[in-house]
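See structure below.
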Amino acid sequence: MQILVNTNQSIDNDARLTEHVEEVVEKRLAHYASHITRVEVHLSDANADKSGDDDTRCMVEVRPTGRKPIAVTHFAGNVADAVRGASDKMQRALEKELAKTGRR
């Protein structure tokens, strides 16, 4: 399972951030790894320099083998919570999608 991490100019994409995102995503989606070819994580700050609640956006797109991509989005107050929330949503979305075909 390949994991790609993308950020906008408001979020620094350093090795520590990439490692954290990969760890969270791998942990949440490990059960479905054999059904996934690639995961793309897009992080952005909706308000840029302004502060505000729930302005960090994490969009996770998963490309299941032989199926259309699945995408979810989660907003939170910081990057860690946004990644966790989006990963949890993706876990539920994959469970639902794969249950349709009986490939859990």
Side-chain angles (χ1 to χ4, degrees):
M1 173 172 61
Q2 179 185 19
I3 300 172
L4 304 172
V5 180
N6 303 296
T7 62
N8 71 354
Q9 66 276 8
S10 300
I11 298 176
D12 292 329
N13 189 359
D14 58 10
R16 205 170 95 228
L17 174 65
T18 300
E19 186 177 307
H20 171 73
V21 170
E22 288 175 349
E23 181 180 306
V24 171
V25 170
E26 284 176 356
K27 181 178 178 184
R28 295 291 195 280
L29 304 182
H31 184 71
Y32 306 102
S34 64
H35 300 289
I36 298 172
T37 58
R38 185 172 72 207
V39 179
E40 292 189 34
V41 179
H42 300 272
L43 295 165
S44 59
D45 187 339
N47 294 338
D49 295 331
K50 301 174 193 171
S51 62
D53 294 336
D54 297 342
D55 63 345
T56 303
R57 175 181 177 263
C58 180
M59 193 274 291
V60 176
E61 180 180 325
V62 168
R63 300 191 182 249
T65 306
R67 304 185 71 77
K68 291 183 180 182
I70 302 169
V72 298
T73 301
H74 187 77
F75 288 89
N78 59 59
V79 171
D81 290 344
V83 170
R84 248 189 322 276
S87 296
D88 288 344
K89 284 183 179 180
M90 182 53 73
Q91 183 180 24
R92 290 189 299 274
L94 279 170
E95 182 176 321
K96 186 176 181 179
E97 181 66 26
L98 295 176
K100 290 179 186 177
T101 61
R103 295 190 314 175
R104 275 192 237 154

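Just so you know, residue 1 is the first one in the sequence shown, and it goes up from there. Predicted model, so just to flag it, every value in this text is computed and none were measured.
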Mind checking side-chain contact (heavy atoms from CB on, under 4.5 Å) for [X] and listing every partner two or more places apart, or none if nothing turns up?
| X | value |
| --- | --- |
| T7 | I11, N13, L17, L43 |
| Q9 | none |
| L4 | Q2, R38, E40 |

With rounding to the nearest 0.5 Å, note down the distance linking [atom1] in [X] to [atom2] in [Y].
| X | Y | atom1 | atom2 | result |
| --- | --- | --- | --- | --- |
| R67 | L98 | CZ | CG | 6.5 Å |
| M1 | L29 | CE | CG | 5.5 Å |
| K89 | C58 | NZ | SG | 10.0 Å |
| M90 | I36 | CE | CD1 | 8.0 Å |
| Q91 | Y32 | CD | OH | 5.5 Å |

**Q.** Heavy-atom closest contact (P69 atom, P64 atom, distance)
**A.**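 Nearest pair, atom of P69 first, then P64: CA-CD, 4.1 Å.
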May I have the list of side-chain donor-acceptor pairs in residues 71-84 shorter than 3.5 Å, sequence neighbours left out?
unit_1: N78; atom_1: OD1; unit_2: A80; atom_2: N; d: 3.2
unit_1: N78; atom_1: OD1; unit_2: D81; atom_2: N; d: 2.8
unit_1: N78; atom_1: ND2; unit_2: D81; atom_2: OD2; d: 3.2
unit_1: D81; atom_1: OD1; unit_2: R84; atom_2: NH2; d: 2.4

Q: If a pair satisfies salt bridge (Lys or Arg N to Asp or Glu O under 4.0 Å) and one of its residues is in residues 14-34, list it, with sequence neighbours excluded.
A: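 Found R28-D88.
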Q) Is the backbone N or O of R63 less than 3.5 Å from a side-chain atom of T37, with the two atoms forming a donor-acceptor pair by type? A) yes
